[in-house]
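Just so you know, these numbers come straight off a predicted model, no measurement behind them.
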Amino acid sequence: MTPSARLAELGIELPPLVAPLAAYVPAVRTGNLVYTAGQLPIRDGELVLTGKVGAGVTPEQAHELAWVSALNALAAVHSLVGIDAVTRVVKVVGFVASAPGFHGQPGVINGASELFGEVFGEAGAHARSAVGVSELPRDAPVEVEVIVEVG
């Protein structure tokens with residue numbers, strides 16, 4: 001099943017490409033890899049939520065925000081090569097704006113990893129980093145970037 005067919009089966013629609021917030025492009029291809037810029041949990045042009053995870057943003061909310069960010073990363077890939085060109089998710093890097101003492105970054109970024117698994121099956125299994133940071137652009141709680149292999 002193609003990724004686009006799987007998205008349709010899941011009832012998930014790729015959102016419009018999120019416009020860059022500064023001097024960069026949403027995705028770049030080199031050889032058979034596509035690298036996305038960090039994607040925030042933006043829906044309809046607005047951040048879904050702001051703040052720190054563990055202080056105002058719950059881990060459950062942040063998990064959902066990681067899913068939204070990952071979907072935006074797929075939209076960036078789609079804008080460059082088409083979603084059906086993806087043959088494997090290689091690496092995911094997730095940043096979590098964390099309140100002092102919050103140590104649940106891996107669980108938050110599972111929101112992104114779970115989306116890739118749902119869409120790509122075994123080809124969605126990937127290497128990953130989940131990093132706690134003090135601040136993210138626009139006070140976003142989560143940011144996700146991805147590297148995919150394309151055919």
Is atom CZ of Arg128 surrounded by more than 12 heavy atoms (other residues, nucleotides or ligands) closer than 6.0 Å? yes
Gap separating the OG1 atom of Thr50 from the CG atom of Leu136, nearest 0.5 angstrom: 11.5 Å
Just how far is it from atom CG of Leu14 to atom CG of Leu7, taken to the nearest 0.5 Å? 5.0 Å
Heavy atoms of Ala140 and Leu40 approach each other most closely as CB-CD2, 3.7 Å
Hey, does the side chain of Asp84 reach the backbone of Thr2 with a donor-acceptor pair shorter than 3.5 angstrom? no
Heavy-atom closest pair, residues Pro26 and Gln39: O-NE2, 4.0 Å
State plainly whether one hydrophobic cluster holds both Val48 and Val144, where clusters connect Ile, Leu, Val, Met, Phe, Trp and Tyr through side-chain heavy atoms under 4.5 angstrom apart. yes
Distance (rounded to the nearest 0.5 Å) between Asn72 CG and Glu143 CD: 11.0 Å
Any side-chain heavy atom of His126 within less than 4.5 Å of one from Val90? no
Joint hydrophobic cluster, Phe95 plus Val108, side-chain heavy atoms closer than 4.5 Å: no
Quick check on the hydrophobic clustering: are Tyr24 and Val18 connected, directly or via other members, by side-chain heavy-atom contacts under 4.5 Å? yes
What's the shortest heavy-atom distance between Pro15 and Ala75, and which atoms? O-CB, 3.4 Å
May I ask whether Leu49 and Leu21 are part of the same hydrophobic cluster, defined by side-chain heavy atoms of I, L, V, M, F, W, Y residues being less than 4.5 angstrom apart, directly or through others? no
Side chain proximity check, Phe102 to Val96, heavy atoms < 4.5 angstrom: yes
Does Glu135 come within less than 4.0 Å of Lys52, counting only side-chain N to carboxylate O? yes
Is any side-chain heavy atom of Phe116 closer than 4.5 Å to a side-chain heavy atom of Val86? no
Would you compute the distance between atom CD of Glu9 and atom CZ of Arg6 and round it to the nearest 0.5 angstrom? 4.5 Å
Would you kindly confirm whether Leu71 and Val92 end up in one hydrophobic cluster when ILVMFWY residues are joined by side chain heavy atoms under 4.5 Å apart? yes
Over all atoms of both residues, closest heavy-atom pair of Gly111 and Trp67: O-CD1, 3.5 Å
Hey, are the side chains of Val53 and Leu65 touching, using non-hydrogen atoms and a 4.5 Å cut-off? no
About how many Å separate CD of Glu122 and CZ of Arg88, when rounded to the nearest 0.5 Å? 8.5 Å
Stepwise side-chain contact (heavy atoms from CB on, under 4.5 Å) check, Val25 with Leu80: CA-CA 10 Å; Val25 295; Leu80 187 64; over 6 Å; no
Ile109 side chain near Val142 side chain, heavy-atom distance below 4.5 Å: yes
I need the minimum non-hydrogen distance between Gln105 and Ser98, along with the two atoms involved. NE2-OG, 2.9 Å
Please check: side-chain N/O of Ser129 versus main-chain N/O of Val93, any donor-acceptor pairing under 3.5 Å? no
Should Leu47 and Pro41 count as side-chain neighbours, where that means a heavy-atom distance under 4.5 Å? yes
Identify the two heavy atoms, one from Val89 and one from Val146, that lie closest to each other, and give their separation to 0.1 Å. CG1-CG2, 3.8 Å
Could you measure the distance from the CZ atom of Arg138 to the CD atom of Glu46? Nearest 0.5 Å is fine. 7.0 Å
Set out, in order, the CA-CA distance, both residues' side-chain angles and the distance that settles side-chain contact (heavy atoms from CB on, under 4.5 Å) for Thr87 and Asn32, then state yes or no. CA-CA 10 Å; Thr87 58; Asn32 66 339; over 6 Å; no
